[in-house]
Amino acid sequence: MTASSIKSSFSNAATSGEATGAACRTVFPVRDYNLAATLASGQTFRWRPCEGGWEGIVGSRWVRLRSGADSILAETAAPGGDWRWLAEYLQVEQDLAQVLATFPEDEPMRAAVAACRGLRLLRQDPWECLASFICSSTKQIVQIQQIVALLCERFGEPVRIPRGSGAAFAFPSVERIAAAGEAELRACKMGFRAPNLCAAARKIADGEIDLRRLATRSAEAARAELMLLPGVGAKIADCVLLFACGFPAAFPVDVWVRKALRRLYFPRRQVTPKRLQEFTAAHFGPYAGYAQQYLFHYARVHAKLKK
DNA sequence: AACCAGGACACAA
DNA sequence: TTGTGTCATGGT
(Lines give C-alpha, C1' and ligand atoms only; values in the text may rest on other atoms or scores of the structure.)
Protein backbone atom coordinates (compact mmCIF):
# COMPACT_ATOMS: atom_id res chain seq x y z
CA MET A 1 0.00 0.00 0.00
CA THR A 2 1.32 3.42 -0.91
CA ALA A 3 1.55 6.44 1.33
CA SER A 4 -1.04 8.28 -0.70
CA SER A 5 -3.55 5.46 -0.49
CA ILE A 6 -3.01 5.32 3.26
CA LYS A 7 -3.73 8.99 3.51
CA SER A 8 -6.91 8.87 1.49
CA SER A 9 -8.30 5.67 2.92
CA PHE A 10 -7.76 6.70 6.49
CA SER A 11 -8.60 10.37 6.29
CA ASN A 12 -12.27 9.81 5.45
CA ALA A 13 -12.91 6.99 7.85
CA ALA A 14 -13.97 9.05 10.85
CA THR A 15 -17.30 8.12 12.36
CA SER A 16 -18.87 8.75 15.71
CA GLY A 17 -18.41 6.10 18.39
CA GLU A 18 -21.65 6.20 20.33
CA ALA A 19 -21.15 2.95 22.15
CA THR A 20 -17.75 3.66 23.61
CA GLY A 21 -17.77 7.41 23.82
CA ALA A 22 -14.83 7.59 21.47
CA ALA A 23 -15.13 10.45 19.05
CA CYS A 24 -13.34 8.99 16.12
CA ARG A 25 -12.39 5.61 14.74
CA THR A 26 -10.82 3.94 11.77
CA VAL A 27 -9.46 0.64 10.50
CA PHE A 28 -5.94 -0.04 9.31
CA PRO A 29 -5.62 -3.05 7.04
CA VAL A 30 -2.53 -4.94 8.13
CA ARG A 31 -1.09 -8.41 7.74
CA ASP A 32 1.15 -10.20 10.23
CA TYR A 33 0.68 -7.62 12.96
CA ASN A 34 0.77 -9.00 16.49
CA LEU A 35 -0.55 -5.99 18.34
CA ALA A 36 -0.28 -7.43 21.84
CA ALA A 37 3.29 -8.62 21.40
CA THR A 38 4.30 -5.34 19.82
CA LEU A 39 2.79 -3.04 22.43
CA ALA A 40 3.98 -5.14 25.38
CA SER A 41 7.44 -6.05 24.12
CA GLY A 42 9.42 -3.49 26.09
CA GLN A 43 9.97 -0.98 23.30
CA THR A 44 7.32 1.36 24.71
CA PHE A 45 5.87 1.65 28.19
CA ARG A 46 2.53 3.43 28.10
CA TRP A 47 0.07 0.83 26.76
CA ARG A 48 -2.19 -1.15 29.03
CA PRO A 49 -4.69 -3.85 28.18
CA CYS A 50 -8.43 -3.16 28.29
CA GLU A 51 -11.33 -5.39 27.29
CA GLY A 52 -10.30 -6.89 24.01
CA GLY A 53 -7.71 -4.29 23.24
CA TRP A 54 -5.16 -1.75 24.37
CA GLU A 55 -5.30 1.83 25.58
CA GLY A 56 -2.45 4.29 25.43
CA ILE A 57 -1.28 7.79 24.57
CA VAL A 58 0.44 8.66 21.33
CA GLY A 59 1.76 12.20 21.35
CA SER A 60 -1.09 14.22 22.81
CA ARG A 61 -3.86 11.80 21.82
CA TRP A 62 -5.64 9.11 23.76
CA VAL A 63 -5.90 5.94 21.67
CA ARG A 64 -7.65 2.59 21.95
CA LEU A 65 -6.52 -0.22 19.64
CA ARG A 66 -8.13 -3.55 18.86
CA SER A 67 -6.97 -6.40 16.68
CA GLY A 68 -9.23 -7.52 13.87
CA ALA A 69 -8.82 -10.03 11.07
CA ASP A 70 -5.96 -8.60 9.04
CA SER A 71 -6.68 -5.22 10.56
CA ILE A 72 -6.24 -2.91 13.50
CA LEU A 73 -9.23 -0.94 14.76
CA ALA A 74 -8.35 2.42 16.23
CA GLU A 75 -10.34 4.90 18.30
CA THR A 76 -9.38 8.33 19.58
CA ALA A 77 -11.13 10.80 21.84
CA ALA A 78 -10.72 13.83 19.64
CA PRO A 79 -12.34 14.20 16.22
CA GLY A 80 -10.13 14.69 13.22
CA GLY A 81 -9.86 12.88 9.95
CA ASP A 82 -6.15 12.55 9.49
CA TRP A 83 -4.69 9.25 10.73
CA ARG A 84 -1.20 9.51 9.29
CA TRP A 85 0.28 10.10 12.74
CA LEU A 86 -1.02 6.73 13.92
CA ALA A 87 -0.15 4.91 10.71
CA GLU A 88 3.37 6.23 11.18
CA TYR A 89 3.50 5.25 14.86
CA LEU A 90 2.25 1.73 14.19
CA GLN A 91 4.31 1.39 11.01
CA VAL A 92 1.36 -0.26 9.31
CA GLU A 93 2.95 0.19 5.91
CA GLN A 94 5.98 -1.84 6.86
CA ASP A 95 5.97 -5.14 4.97
CA LEU A 96 7.01 -7.61 7.65
CA ALA A 97 7.59 -10.49 5.24
CA GLN A 98 10.13 -8.34 3.48
CA VAL A 99 11.88 -7.68 6.77
CA LEU A 100 11.91 -11.35 7.80
CA ALA A 101 13.34 -12.29 4.41
CA THR A 102 16.53 -10.40 5.27
CA PHE A 103 17.16 -12.36 8.47
CA PRO A 104 20.00 -14.90 8.50
CA GLU A 105 18.81 -18.42 7.76
CA ASP A 106 19.97 -20.10 10.91
CA GLU A 107 18.17 -22.19 13.48
CA PRO A 108 18.18 -19.66 16.34
CA MET A 109 16.64 -16.98 14.14
CA ARG A 110 13.99 -19.36 12.82
CA ALA A 111 13.05 -20.37 16.35
CA ALA A 112 12.89 -16.78 17.56
CA VAL A 113 10.64 -15.72 14.68
CA ALA A 114 8.42 -18.76 15.07
CA ALA A 115 7.99 -17.96 18.76
CA CYS A 116 6.32 -14.66 18.05
CA ARG A 117 4.68 -14.23 14.69
CA GLY A 118 3.83 -10.65 13.80
CA LEU A 119 6.08 -8.87 16.27
CA ARG A 120 6.75 -5.37 14.97
CA LEU A 121 8.71 -2.23 15.72
CA LEU A 122 6.93 1.06 16.35
CA ARG A 123 8.09 4.52 15.33
CA GLN A 124 8.05 6.51 18.56
CA ASP A 125 8.64 10.09 19.54
CA PRO A 126 12.40 10.53 20.09
CA TRP A 127 12.13 12.46 23.36
CA GLU A 128 9.65 10.10 24.97
CA CYS A 129 11.73 7.15 23.85
CA LEU A 130 14.99 8.65 25.06
CA ALA A 131 13.62 9.74 28.43
CA SER A 132 11.92 6.40 28.99
CA PHE A 133 15.09 4.47 28.32
CA ILE A 134 17.22 6.77 30.47
CA CYS A 135 14.91 5.55 33.23
CA SER A 136 15.20 1.94 32.13
CA SER A 137 18.68 0.93 33.23
CA THR A 138 18.64 -2.17 35.44
CA LYS A 139 14.89 -1.89 35.83
CA GLN A 140 12.29 -4.47 34.99
CA ILE A 141 9.72 -3.49 32.38
CA VAL A 142 6.91 -3.27 34.94
CA GLN A 143 8.97 -0.80 36.95
CA ILE A 144 9.80 1.28 33.90
CA GLN A 145 6.08 1.43 33.17
CA GLN A 146 5.44 2.71 36.66
CA ILE A 147 8.16 5.37 36.48
CA VAL A 148 6.89 6.62 33.11
CA ALA A 149 3.31 6.67 34.40
CA LEU A 150 4.35 8.79 37.37
CA LEU A 151 6.27 11.18 35.13
CA CYS A 152 3.21 11.66 32.94
CA GLU A 153 0.78 12.10 35.82
CA ARG A 154 2.94 14.67 37.56
CA PHE A 155 4.46 16.62 34.66
CA GLY A 156 2.42 15.81 31.55
CA GLU A 157 -0.36 17.89 30.03
CA PRO A 158 -3.83 16.35 30.34
CA VAL A 159 -5.22 14.98 27.08
CA ARG A 160 -8.79 14.66 25.89
CA ILE A 161 -10.40 11.36 26.88
CA PRO A 162 -13.65 9.62 25.95
CA ARG A 163 -16.55 9.60 28.42
CA GLY A 164 -16.05 7.07 31.13
CA SER A 165 -12.28 6.91 30.95
CA GLY A 166 -9.91 8.04 33.65
CA ALA A 167 -7.66 11.05 33.30
CA ALA A 168 -4.79 10.70 30.86
CA PHE A 169 -1.64 12.73 30.29
CA ALA A 170 0.80 13.29 27.49
CA PHE A 171 4.44 12.47 28.05
CA PRO A 172 5.98 15.56 29.66
CA SER A 173 7.84 18.00 27.42
CA VAL A 174 11.59 18.43 27.42
CA GLU A 175 11.13 21.86 28.99
CA ARG A 176 8.94 20.56 31.81
CA ILE A 177 11.43 17.83 32.74
CA ALA A 178 14.31 20.28 32.44
CA ALA A 179 12.50 22.59 34.85
CA ALA A 180 11.82 19.82 37.34
CA GLY A 181 14.27 19.38 40.17
CA GLU A 182 16.21 16.23 40.74
CA ALA A 183 14.25 15.62 43.92
CA GLU A 184 10.94 15.80 42.05
CA LEU A 185 12.19 13.27 39.56
CA ARG A 186 13.52 10.97 42.25
CA ALA A 187 10.04 11.02 43.73
CA CYS A 188 8.95 9.19 40.56
CA LYS A 189 10.96 6.22 41.83
CA MET A 190 13.74 6.50 39.28
CA GLY A 191 16.52 6.59 41.86
CA PHE A 192 20.01 7.35 40.58
CA ARG A 193 18.66 7.90 37.06
CA ALA A 194 17.06 11.20 38.10
CA PRO A 195 20.11 13.46 37.66
CA ASN A 196 20.76 11.91 34.25
CA LEU A 197 17.23 12.58 33.02
CA CYS A 198 17.31 16.09 34.38
CA ALA A 199 20.69 16.93 32.81
CA ALA A 200 19.78 15.32 29.49
CA ALA A 201 16.58 17.35 29.31
CA ARG A 202 18.51 20.56 29.99
CA LYS A 203 21.03 19.84 27.25
CA ILE A 204 18.24 19.23 24.78
CA ALA A 205 16.28 22.27 25.93
CA ASP A 206 19.41 24.38 25.52
CA GLY A 207 19.72 23.22 21.93
CA GLU A 208 22.96 21.30 22.41
CA ILE A 209 21.29 18.36 20.70
CA ASP A 210 18.41 18.39 18.23
CA LEU A 211 16.58 15.09 18.58
CA ARG A 212 14.42 15.62 15.51
CA ARG A 213 17.48 16.07 13.35
CA LEU A 214 18.99 12.73 14.33
CA ALA A 215 16.93 10.82 11.77
CA THR A 216 18.47 12.88 8.97
CA ARG A 217 22.03 11.97 9.93
CA SER A 218 24.06 8.80 9.60
CA ALA A 219 23.42 6.13 12.20
CA GLU A 220 26.98 6.51 13.47
CA ALA A 221 26.71 10.27 13.84
CA ALA A 222 23.31 10.08 15.50
CA ARG A 223 24.56 7.41 17.90
CA ALA A 224 27.63 9.43 18.87
CA GLU A 225 25.49 12.48 19.48
CA LEU A 226 23.04 10.61 21.68
CA MET A 227 25.91 9.22 23.72
CA LEU A 228 26.96 12.74 24.63
CA LEU A 229 23.92 12.86 26.89
CA PRO A 230 24.39 11.83 30.52
CA GLY A 231 23.01 8.38 31.25
CA VAL A 232 23.06 7.40 27.59
CA GLY A 233 25.52 4.68 26.62
CA ALA A 234 25.62 2.37 23.63
CA LYS A 235 22.56 0.36 24.58
CA ILE A 236 20.17 3.23 25.23
CA ALA A 237 21.45 5.13 22.20
CA ASP A 238 20.70 2.08 20.06
CA CYS A 239 17.20 1.86 21.52
CA VAL A 240 16.48 5.44 20.47
CA LEU A 241 17.97 4.89 17.01
CA LEU A 242 15.87 1.78 16.52
CA PHE A 243 12.58 2.68 18.20
CA ALA A 244 12.36 6.37 17.35
CA CYS A 245 14.81 7.49 14.67
CA GLY A 246 14.13 4.93 11.99
CA PHE A 247 17.48 3.11 11.93
CA PRO A 248 16.40 -0.52 11.54
CA ALA A 249 19.95 -1.85 11.74
CA ALA A 250 20.52 -0.51 15.26
CA PHE A 251 21.02 -3.44 17.62
CA PRO A 252 20.58 -2.71 21.32
CA VAL A 253 22.17 -5.41 23.45
CA ASP A 254 20.72 -5.72 26.91
CA VAL A 255 21.06 -8.56 29.41
CA TRP A 256 18.38 -10.65 27.68
CA VAL A 257 19.75 -10.26 24.17
CA ARG A 258 23.26 -10.95 25.45
CA LYS A 259 22.06 -14.17 27.07
CA ALA A 260 20.24 -15.19 23.90
CA LEU A 261 23.23 -14.47 21.67
CA ARG A 262 25.67 -16.36 23.89
CA ARG A 263 23.39 -19.32 24.42
CA LEU A 264 22.17 -19.62 20.84
CA TYR A 265 25.22 -18.65 18.81
CA PHE A 266 28.18 -19.30 21.11
CA PRO A 267 27.25 -22.24 23.36
CA ARG A 268 30.01 -23.24 25.80
CA ARG A 269 32.40 -20.67 24.44
CA GLN A 270 33.73 -17.55 26.12
CA VAL A 271 32.92 -14.51 24.00
CA THR A 272 34.35 -11.09 24.71
CA PRO A 273 32.04 -8.08 24.43
CA LYS A 274 34.00 -6.81 21.47
CA ARG A 275 33.68 -10.09 19.62
CA LEU A 276 29.97 -10.17 20.33
CA GLN A 277 29.61 -6.63 19.01
CA GLU A 278 31.42 -7.55 15.81
CA PHE A 279 29.18 -10.57 15.37
CA THR A 280 25.92 -8.67 15.74
CA ALA A 281 27.10 -5.92 13.39
CA ALA A 282 27.95 -8.42 10.67
CA HIS A 283 25.44 -11.22 11.02
CA PHE A 284 21.91 -9.85 11.15
CA GLY A 285 21.67 -7.62 8.10
CA PRO A 286 19.93 -4.34 7.32
CA TYR A 287 17.01 -5.07 9.67
CA ALA A 288 19.17 -6.31 12.55
CA GLY A 289 17.08 -4.32 14.99
CA TYR A 290 14.00 -6.35 14.13
CA ALA A 291 16.01 -9.54 14.58
CA GLN A 292 17.13 -8.20 17.94
CA GLN A 293 13.51 -7.65 19.00
CA TYR A 294 12.63 -11.25 18.16
CA LEU A 295 15.64 -12.50 20.11
CA PHE A 296 14.69 -10.28 23.06
CA HIS A 297 11.17 -11.68 23.11
CA TYR A 298 12.41 -15.23 22.62
CA ALA A 299 14.87 -14.98 25.49
CA ARG A 300 12.23 -13.63 27.84
CA VAL A 301 9.52 -16.19 27.18
CA HIS A 302 11.68 -19.30 27.01
CA ALA A 303 12.80 -20.37 30.43
CA LYS A 304 15.62 -22.44 28.98
CA LEU A 305 17.38 -19.29 27.93
CA LYS A 306 16.95 -17.50 31.22
CA LYS A 307 19.73 -19.22 33.15
C1' DA B 1 15.70 -13.82 51.50
C1' DA B 2 18.86 -13.53 48.02
C1' DC B 3 19.10 -12.43 43.30
C1' DC B 4 18.20 -9.69 39.37
C1' DA B 5 16.31 -6.11 36.28
C1' DG B 6 15.90 -3.61 28.21
C1' DG B 7 22.97 0.27 32.13
C1' DA B 8 26.19 3.97 32.61
C1' DC B 9 30.26 5.42 34.55
C1' DA B 10 34.75 5.88 36.83
C1' DC B 11 38.54 3.31 37.64
C1' DA B 12 41.91 -0.50 37.84
C1' DA B 13 44.66 -3.86 35.52
C1' DT C 1 40.32 -3.59 25.81
C1' DT C 2 38.00 -6.22 29.86
C1' DG C 3 36.62 -6.62 34.61
C1' DT C 4 34.59 -4.59 39.01
C1' DG C 5 32.07 -1.65 42.24
C1' DT C 6 28.47 1.75 42.65
C1' DC C 7 24.31 3.94 41.96
C1' DA C 8 18.01 3.06 43.77
C1' DT C 9 14.18 0.49 43.80
C1' DG C 10 11.14 -3.26 43.74
C1' DG C 11 9.72 -7.96 41.32
C1' DT C 12 10.26 -12.75 41.41
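Predicted model, so just to flag it, every value in this text is computed and none were measured. Labels below follow one simple rule: chain letters A, B, ... track the order of the sequence lines, proteins then strands, and each chain is numbered from 1.
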Does a side-chain N or O from A:Lys259 land closer than 4.0 Å to OP1 or OP2 of B:dA5, or not?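 Yes, within the criterion.
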What do you reckon, is CD of A:Glu157 surrounded by more than 12 foreign heavy atoms closer than 6.0 Å?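 Check fails, neighbour count at 12 or below.
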Within this structure, what is the [atom1]-to-[atom2] distance between [X] and [N], rounded to whole angstrom?
X        : N     : atom1 : atom2 : value
A:Glu278 : C:dT1 : CD    : P     : 10 Å
A:Leu276 : C:dT2 : CG    : C1'   : 14 Å
A:Asp254 : B:dA8 : CG    : C1'   : 14 Å
A:Arg258 : C:dT2 : CZ    : P     : 12 Å
A:Phe133 : B:dA5 : CZ    : P     : 16 Å
A:Leu295 : B:dG6 : CG    : C1'   : 14 Å
A:Leu229 : B:dA8 : CG    : P     : 12 Å
A:His297 : B:dG6 : NE2   : P     : 13 Å

The contact string for nucleotides 4-12 of chain C, one letter per nucleotide 5' to 3', using protein heavy atoms under 4.0 Å with B, S and - for base, sugar-phosphate only and none, comes out as ---BBBBS-
Determine whether a donor-acceptor pair (N or O, by modelled atom type, separation under 3.5 Å) exists between the side chain of [X] and the backbone of [Y].
X        : Y        : value
A:Thr38  : A:Arg120 : yes
A:Arg66  : A:Glu51  : yes
A:Ser132 : A:Glu128 : yes

Can you confirm whether A:Phe169 sits close enough to A:Ile57 that some side-chain heavy atom of one is under 4.5 Å from a side-chain heavy atom of the other?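 A side-chain contact under 4.5 Å is absent here.
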Check whether any side-chain heavy atom of A:Leu197 lies under 4.5 Å from a side-chain heavy atom of A:Ile177, and answer yes or no.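 A side-chain contact exists here, since the closest heavy-atom pair is under 4.5 Å.
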With nearest nucleotides of DNA chain B determined for A:Ile141 and A:Met227 from heavy-atom distances, which residue corresponds to the more 5′ nucleotide?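 Looking at DNA chain B, the more 5' nearest nucleotide goes with A:Ile141.
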Derivation of the ring-ring contact (aromatic ring centres under 6.0 Å, His included) call for A:Phe45 and A:Phe133: CA-CA 10 Å; A:Phe45 306 100; A:Phe133 277 98; 5.2 Å; yes
Identify whether any heavy atom of A:Gln293 sits under 4.0 Å from a base atom; if not, whether one sits that close to sugar-phosphate; answer base, sugar-phosphate or nothing.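 Base, at least one base heavy atom under 4.0 Å.
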Any base atoms under 4.0 Å from A:Ser41, or only sugar-phosphate, or nothing? Heavy atoms, all strands.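 It contacts base atoms.
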Determine the interplanar angle of the A:His302 and A:Tyr298 rings, folded into 0 to 90°, and report it as parallel if under 30°, tilted if 30 to 60°, perpendicular if over 60°.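 The arrangement is tilted - the two ring planes meet at 30° to 60°.
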Interatomic distance at [atom1], [N] relative to [M], whole Å:
N      : M     : atom1 : result
B:dC4  : C:dT6 : C1'   : 16 Å
B:dC3  : C:dG5 : P     : 14 Å
C:dG10 : B:dC9 : P     : 23 Å
C:dT12 : B:dG7 : P     : 16 Å
B:dA1  : C:dC7 : P     : 22 Å

A:Phe296-B:dG6 aromatic stacking (under 5.5 Å, under 30°):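 Stacking between A:Phe296 and B:dG6: present.
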Hey, can you pull the residues of residues 231-246 of chain A with a non-hydrogen atom under 4.0 angstrom from DNA chain B?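 Contacting residues: A:Gly231, A:Val232, A:Gly233, A:Ala234, A:Lys235, A:Ile236, A:Phe243.
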Side-chain donor-acceptor pairs of residues 229-249 of chain A under 3.5 Å, sequence neighbours excluded:
residue: A:Asp238; atom: OD1; partner: A:Arg223; partner atom: NE; Å: 2.8
residue: A:Asp238; atom: OD2; partner: A:Arg223; partner atom: NH2; Å: 3.1

Are the aromatic rings of A:Phe284 and A:Phe103 close, with centres under 6.0 Å apart?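 No.
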